Q: 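Take a look at the following structure, please.
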Amino acid sequence: MRSFIRRFLQPMFCEHNWELLFNVYVEDDFGSTWSEKTYRCRKCGLQRKYKSC
C-alpha cells in the first residue's frame with residue numbers, strides 16, 4: 001500500500017525531465033495520418049503520450 005501511495009504522489013511533486021521514447025507515424029484506413037510521441041520522465045518514470053495532427 002505504501003508503494004502505491006508513493007507512485008501516486010511522486011509525479012505531483014517532481015520537476016519533470018522528459019525524454020522522448022517513441023515517435024510513431026500512424027495512418028488509418030481512410031488515409032489520414034498523425035504522429036504519436038511518447039515521453040517518459042527521467043526522474044519519476046511517469047509516461048505521457050501526445051497525438052499531433
Side-chain angles (χ1 to χ4, degrees):
M1 183 70 174
R2 178 181 286 172
S3 64
F4 172 76
I5 294 171
R6 182 171 181 236
R7 283 183 305 198
F8 179 76
L9 291 177
Q10 186 177 14
M12 293 180 190
F13 300 104
C14 179
E15 295 180 14
H16 299 295
N17 183 8
W18 298 104
E19 67 176 329
L20 179 64
L21 291 179
F22 302 108
N23 186 10
V24 180
Y25 294 98
V26 182
E27 182 176 349
D28 65 3
D29 295 335
F30 302 107
S32 60
T33 59
W34 64 88
S35 171
E36 289 185 357
K37 295 184 179 190
T38 304
Y39 293 92
R40 180 178 62 199
C41 176
R42 291 180 178 157
K43 295 179 181 178
C44 68
L46 182 69
Q47 291 186 0
R48 296 284 183 198
K49 186 180 283 190
Y50 296 99
K51 179 180 175 181
S52 61
C53 298

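Just the heavy atoms: all of them, side chains too, but no hydrogens, waters or symmetry mates, feed the values below. Quantities reported herein were computed from a predicted structural model and do not represent experimental measurements.
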Q: In terms of heavy-atom contacts, does CD of Glu15 have more than 12 from other residues, nucleotides or ligands at under 6.0 Å?
A: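 Counting neighbours around CD of Glu15, 12 or fewer heavy atoms of other residues, nucleotides or ligands fall under 6.0 Å, so no.
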Q: Output, in order, the C-alpha distance, side-chain angles, deciding distance and verdict of side-chain contact (heavy atoms from CB on, under 4.5 Å) for His16 and Cys44.
A: CA-CA 8 Å; His16 299 295; Cys44 68; 3.6 Å; yes
Q: Within a radius of less than 6.0 Å around NZ of Lys43, do more than 12 heavy atoms belonging to other residues, nucleotides or ligands occur?
A: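 Enclosed.
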Q: Could you state the interatomic distance from OG (Ser52) to OH (Tyr25), rounded to the nearest 0.5 Å?
A: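 Separation between the atoms: 7.5 Å.
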Q: Can you find a heavy atom in the side chain of Leu20 that is under 4.5 Å from one in the side chain of Lys37?
A: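 Yes - at least one pair of side-chain heavy atoms lies under 4.5 Å apart.
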Q: Looking at Arg42 and Glu19, is any side-chain nitrogen of the basic one under 4.0 Å from a carboxylate oxygen of the acidic one?
A: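 The answer is yes: the pair qualifies as a salt bridge.
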Q: Does a side-chain heavy-atom distance below 4.5 Å link Glu27 with Ser32?
A: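 Glu27 vs Ser32: side chains apart.
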Q: Please round to the nearest 0.5 Å and tell me the distance separating atom OH of Tyr50 and atom OG1 of Thr38.
A: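 Rounded to the nearest 0.5 Å, the OH-OG1 separation comes out at 10.5 Å.
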Q: Which heavy atom of Trp18 sits nearest a heavy atom of Leu46, and at what distance?
A: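 Reported closest heavy-atom pair: CZ3-O, 3.5 Å.
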Q: With the side chain counted from C-beta on, respond yes when Asn23 and Tyr39 share a heavy-atom pair under 4.5 Å apart, and no when they do not.
A: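 No, too far: nothing below the 4.5 Å cut-off.
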Q: Rounded to the nearest 0.5 Å, what separation is found between the CG atom of Asn17 and the CZ atom of Arg40?
A: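 One finds 11.5 Å between CG of Asn17 and CZ of Arg40.
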